[in-house]
Amino acid sequence: MDNETLKARILEIVPEAQQEENKQFLTLLLPAAKLHDLALKLKNSPELAFDFLFCLSGVDYIKQLAVVYHLRSTQHKHALVIKVKTDDRVNPNFDTVCDIWRTAEFHEREIYDMFGIRFNNHPDMRRIFLEEDWKGYPLRKDYIDEVNIVEF
Amino acid sequence: MSAESLILFFIVGAFLVGIALLFSSLVPPTSTNPQKAEAYECGIPTEGITWLQFNVGYYLFAIIFLVFDVETVFIFPWAVMMKTLGMKAFIEIVIFFFVLGIGLLYAWKKGALKWE
Amino acid sequence: MKEIINLPVSNIEEEEYHINMGPQHPSTHGVLRLLVSLQGEMVRSLKPHCGYIHRGIEKMCEKDTYPQVIHLTDRIDYLSAHINNHAVCLLVEKALEVDVPERVRYIRTIMDELARIQSHQLWWSSFGMDLGGLTCFFYGLRDREMILDIWEETTGSRFLQSYNCPGGVMQDIHPNFQKKVHAFLKTFKKKIKDYDRILSGNVIFENRSQGVGILSKEDAISYGVTGPSGRGSGWSCDVRKTEPYSMYGKVQFNEVLRYECDTYSRYMVRMQEMHESMNIIEQLIDNIPEGEHSAKMKAVIKLPAGEYFQRVESARGELGLFVVSDGNKTPYRMKFRTPSFSNLSVLDHISRGMKIADLVAIGASLDLVIPDIDR
Amino acid sequence: MTFNIYDFTSFNRWIDEGLNSFMSPTWALITEMAIIGIVFLLFYAVVGLFLVYAERKVCAFMQNRVGPNRVGPYGIFQTIADFIKLLMKELVYIKDSDKLLFNLAPFIVIIASFMALSAVPFAKGLHAIDFDIGILYVIAVSSLGVVGILLAGWSSNNKYSLIGAMRSGAQIVSYELSVGLSLLTIIVLAGTMQFSEIVEMQRNGWFIFKGHIPAIIAFIVFLVASTAETNRGPFDLAEAESELTAGFHTEYSGIKFAFFFLAEYMNMFLVASIAATVFWGGWMPFHVSGWAGFNTIMDYIPPFIWYIGKTAFIIWLMMLFKWTFPRLRIDQLLTLEWKYLLPINLVNILFMAFLVLMHWHF
Amino acid sequence: MNSFFKYFSDIFHGVKSLLIGMSVTGRYFFSPGQIVTQQYPENRKNLQMFERFKGEVIMLHDGNNQHRCNGCGICENNCPNGSIEVIPAKITGEDGKSKRVIDKHIYHLGMCTFCGLCVKNCPSNALGFGQEFEHAVFDRSKLTKVLNQPGSSIIKGVE
């Protein structure tokens with residue numbers, strides 16, 4: 001399925017999706033509430049069949065926190081990038097997709113660890129790398145750690 | 001030397017260990033540290049108690065072993081005296097082994113020879 | 001009789017036995033901690049605890065320029081250092097639309113395959129060791145030495161080379177390079193037969209690995225288990241085939257796939273891959289074209305604002321590199337999708353109901369490298 | 001009195017008479033015992049240290065390495081240095097461990113191997129105790145060592161050790177049978193359990209040749225089973241270092257650890273000497289009936305050398321096993337015993353008995 | 001019956017595979033071939049590193065104790081770890097113009113990751129890699145080195 005049909009198909013499911021400019025992949029910005037719904041359809045509908053979540057990253061855009069899902073279909077070889085953003089920096093949360101793509105379980109924990117974005121319904125929402133009592137979320141742009149970061 | 005002198009070997013063995021342990025507990029420098037006395041578990045404090053009921057999965061083996069070990073005791077006298085006892089004893093022991101083999105096969109088929 | 005039947009089941013549940021494997025454990029290959037819940041010898045579940053050597057490479061990348069980032073990527077998965085470098089270079093070159101000289105592509109591809117071979121050699125060594133055959137460890141290390149020597153001669157380092165740079169490679173290959181690679185291929189083709197004789201065909205090894213740690217293709221995709229581990233489940237996930245980069249589109253090689261889905265098939269995939277890698281090197285080594293070893297690049301490399309993604313096939317699987325650039329000389333956000341991280345997540349799933357000894361074999365067959373998990 | 005390296009009987013008698021000539025019989029007995037004790041103690045230590053060195057060197061050659069080469073020429077004093085180091089190390093006590101059993105375990109392991117050593121005939125007349133039930137005795141005593149391992153693992157209050165102990169328990173209940181039954185095969189052929197008689201019966205041919213097929217099968221089974229009994233690779237599940245870090249001896253430090261190590265090597269020596277005695281004729285030279293000249297030349301080689309040579313070869317075989325094979329899993333260990341070794345053994349004994357009755361052996 | 005034959009063929013194949021494995025180790029036991037183990041402290045005298053070996057960063061000096069570094073600081077900027085500090089000095093040349101020269105080129109070996117960016121990016125090829133690899137010292141401060149030798153000066157015409 002080429003990017004245009006793909007986009008049309010997704011807009012059918014989520015009309016609010018906005019396309020972002022990207023040379024490599026079709027990138028769509030979604031409202032957070034529709035994420036899980038769409039993810040389920042992306043995985044399960046046979047002509048989309050996005051079964052491989054090959055990257056899941058958090059990005060701190062200073063104004064917003066975002067989670068980027070890189071998806072590919074091993075069957076149809078098409079790829080798609082989904083992005084969700086939130087303005088809430090204090091208690092950001094999204095729905096988990098780890099019941100759809102199991103690999104998300106660890107990646108979401110990592111994002112929680114590094115960005116403080118919580119994922120609802122995640123089975124094991126703990127920090128993965130840092131200690132439980134670590135203060136702050138290191139990959140956020142406003143994170144300052146006087147103790148561990150050496151400034152040159 | 002007679003079999004009673006086995007006690008000698010017992011003593012010598014115990015002496016070897018005892019003297020070395022004594023030496024080792026007296027001569028080397030010691031330092032006490034509560035962390036040193038922790039059981040090793042890859043650098044993490046042990047969780048829970050160690051000595052709890054443990055599913056070892058070889059109770060059945062132990063029972064079969066017991067059966068076979070007792071049977072071996074019966075075989076030993078026959079093995080030593082086999083040449084004088086001759087064919088008759090051989091046939092008897094074949095029957096004995098046959099019964100044993102059936103027992104083993106039964107245990108095998110029943111799945112007793114599986115570590116669960 | 002009635003009392004026995006009515007024994008509370010929860011009593012049996014409490015007899016779970018928690019054991020820490022790691023952080024200081026011979027079979028975790030680094031400082032990884034697995035909290036294993038056992039019932040007798042049987043693994044009921046396990047929880048990986050990582051982060052013991054988390055160095056915050058993604059954060060460090062945000063202060064480094066693109067050429068500087070490369071020396072950090074060496075330290076993610078130190079066994080495929082070249083390949084990690086390659087990913088960054090490819091991403092920068094793609095973003096800037098730089099065309100690298102043909103010679104560079106050849107060199108990079110050869111280096112990548114050498115890295116793959118030496119990584120698999122070390123994996124084979126430690127696999128043998130994890131199963132208790134210590135001799136394998138020394139045979140693997142002995143043969144790996146030749147590749148390290150080749151690298152040292154060309155790049156100056158044995159392990160963390162930082163040999164690639166945006167636009168090319170740091171310095172041209174050493175005049176002895178081709179000769180030594182040929183010598184290596186000749187020797188290793190003989191030695192790899194020993195590998196098969198001592199481990200692959202061994203009846204104990206076959207019993208230890210066959211039917212152990214079954215990972216179905218669906219699970220492999222869902223858990224994102226890429227690389228040889230994924231291909232051992234019959235999933236054709238080789239980035240060199242699906243999205244060829246450098247010379248991979250032009251050389252002939254087979255994507256090794258096996259369908260038994262167990263530890264043995266993951267093992268065999270890697271053994272076969274060593275042969276395929278040697279095959280690739282043989283096709284390239286005599287045909288390295290003359291030319292510059294680096295394209296002309298600007299002194300300060302700035303990526304246009306936007307988001308970029310680059311995938312390469314590292315020795316452990318798919319290495320994804322996601323970069324958000326705001327147009328500065330440093331990346332705004334750099335994310336490494338490392339293969340071992342995803343491969344680790346499946347460990348719990350496939351080792352349930354297996355024995356401790358199997359857990360060790362499964363862990364070895366996934367070929368986890370801890371810095372690759374922790375970054 | 002001439003010293004005869006081919007027959008130590010007269011030598012023993014000479015010492016016995018010499019001591020009795022100026023002492024009361026009681027004191028003479030005590031002196032003799034002291035001499036034997038010291039000789040065995042020295043022998044035990046020397047063989048133990050040498051075997052550790054040999055293993056390190058042998059495995060180094062197999063692994064294309066150099067091996068110990070720093071202490072003394074070819075590193076020959078390496079194990080002595082190691083021993084001194086271990087002797088000088090602190091004994092660490094583990095919190096909540098069962099102190100009595102924890103300290104008792106090395107005793108059991110060492111004493112078991114020591115007592116088993118007493119029955120080994122080194123050369124003609126050169127054995128401490130010549131039991132008429134020698135084989136039975138060795139089987140009984142040598143399996144005691146595993147009890148020590150079980151205790152060590154259990155008493156350490158360490159989870160790895162406990163699992164190791166459980167595994168060694170499974171190992172005891174399995175492999176002891178095969179050791180016994182494979183030796184029974186030879187008892188059927190020999191008709192005696194006394195080591196000196198067994199060796200004497202092999203004057204005109206070792207049992208492995210006399211009993212041909214069943215004897216060879218029994219030898220292989222014995223080798224496999226006894227490797228398992230001595231807890232050596234590929235059957236070293238109780239100390240499987242890649243799974244249980246160090247298994248039963250995780251918590252043992254210093255000299256206590258050294259004793260487990262020493263006992264393992266002595267057990268290996270013991271098993272090899274039993275195999276050499278029972279299957280390969282012990283100190284008996286290699287004879288081919290009819291070749292008188294050849295036999296005389298063979299007779300010139302002292303019995304002790306024959307014995308050591310055979311034992312060394314079997315030890316080398318066991319080292320080859322350890323450094324070649326990956327470790328078995330616990331259920332495979334049991335499968336091997338109960339589904340392969342035991343049935344083969346049972347059939348093999350009958351086969352051997354049949355051969356003996358039919359006089360088909362040589 | 002089939003399983004009966006399988007039982008024996010399993011034994012046969014198992015023993016065969018074990019013997020094949022033993023033949024490998026046995027062969028190496030009797031003919032180890034070339035042993036790659038380096039006898040390190042003994043072979044120190046004739047130990048030859050590869051010419052590109054990255055032991056440490058050095059400043060290349062010629063026979064007259066002259067180097068090519070003009071203290072531009074490009075290496076300092078390129079270093080990802082901050083292991084190089086360039087302390088420039090101003091001297092007045094013969095023509096009366098003050099010019100920038102190197103006072104101290106400080107190199108923190110303890111922070112260096114040997115990425116080679118400083119050597120690669122040096123515009124005047126003043127830096128290079130040394131072959132020394134025995135860097136162990138008892139005090140971390142000894143790992144901080146001054147690369148320009150005392151009394152050295154810049155080669156004429158490099159600036």
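Just so it is clear: chains get the letters A, B, ... in the order the sequence lines come, proteins before strands, and each one is counted from 1. Treat the numbers as computed from the prediction; the structure is a model and nothing was measured.
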Go through [options] and name the one with the most non-hydrogen pairs under 4.5 angstrom from chain B.
options: D:I110, D:V141, D:L184, D:I255; result: D:L184
options: D:K339, D:K256, D:M88, D:E337; result: D:K339
options: D:T245, D:I135, D:T185; result: D:T245
options: D:M193, D:K89, D:E251, D:Q332; result: D:E251
options: D:T335, D:T250, D:I349, D:T192; result: D:I349

Under a 4.5 Å heavy-atom cut-off, does chain B meet the side chain of [X], its backbone, both or neither?
X: D:L86; result: backbone
X: D:A190; result: backbone
X: D:S253; result: neither
X: D:L104; result: neither
X: D:E176; result: side chain
X: D:Y160; result: side chain

Inset, instruction - Taking the side chain as every heavy atom from C-beta outward, state whether D:F354 and B:V94 have any pair of such atoms under 4.5 Å apart. - result: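 Counting from C-beta outward, D:F354 and B:V94 never come under 4.5 Å.
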Legend entry - Top contributor to chain D interface from B:L100, B:V27, B:L16 [non-hydrogen pairs under 4.5 Å]: B:L16
Between [X] and chain D, which part of the residue has a heavy atom less than 4.5 Å away: side chain, backbone, both or neither?
X: B:F10; result: both
X: B:S31; result: both
X: B:L104; result: side chain

Inset, instruction - Output the distance between atom CZ (B:F23) and atom CG (D:L91), rounded to the nearest 0.5 Å. - result: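 CG of D:L91 is found 11.0 Å from CZ of B:F23.
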Inset, instruction - Of all the heavy-atom pairs spanning B:A14 and D:F107, show the shortest one and how long it is. - result: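 Minimum heavy-atom separation between B:A14 and D:F107: O-CE2, 3.5 Å.
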Inset, instruction - Might you point out which heavy atoms bring B:F97 and D:L350 nearest each other, and give the distance in Å? - result: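 Minimum heavy-atom separation between B:F97 and D:L350: CD2-CG, 3.5 Å.
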Inset, instruction - Quick one: list whatever passes salt bridge (charged side-chain N to carboxylate O under 4.0 Å, His left out) with B:K36, sequence neighbours left out. - result: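 With neighbours one apart ignored, the set is D:E90.
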Legend entry - Whether over 12 other heavy atoms sit under 6.0 Å from D:Y340 OH: yes
Legend entry - Heavy-atom neighbours of B:F98 CZ exceed 12 at 6.0 Å: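 Open: at most 12 neighbouring heavy atoms sit under 6.0 Å from CZ of B:F98.
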Let me check something: any side-chain donor-acceptor pairs from residues 33-42 of chain D under 3.5 Å, sequence neighbours excluded? List them with distances.
none

Legend entry - chain D neighbours within residues 74-81 of chain B, where any heavy atom lies under 4.5 Å away: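 The list, in residue order, reads B:I75, B:F76, B:W78, B:A79, B:V80.
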Legend entry - Listed once per pair and sorted, the side-chain hydrogen bond (donor to acceptor under 3.5 Å, both in side chains) pairs that draw on residues 107-120 of chain D, sequence neighbours left out: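 side-chain hydrogen bond (donor to acceptor under 3.5 Å, both in side chains) check on residues 107-120 of chain D returns D:Y44-D:S113, D:S118-D:Y137.
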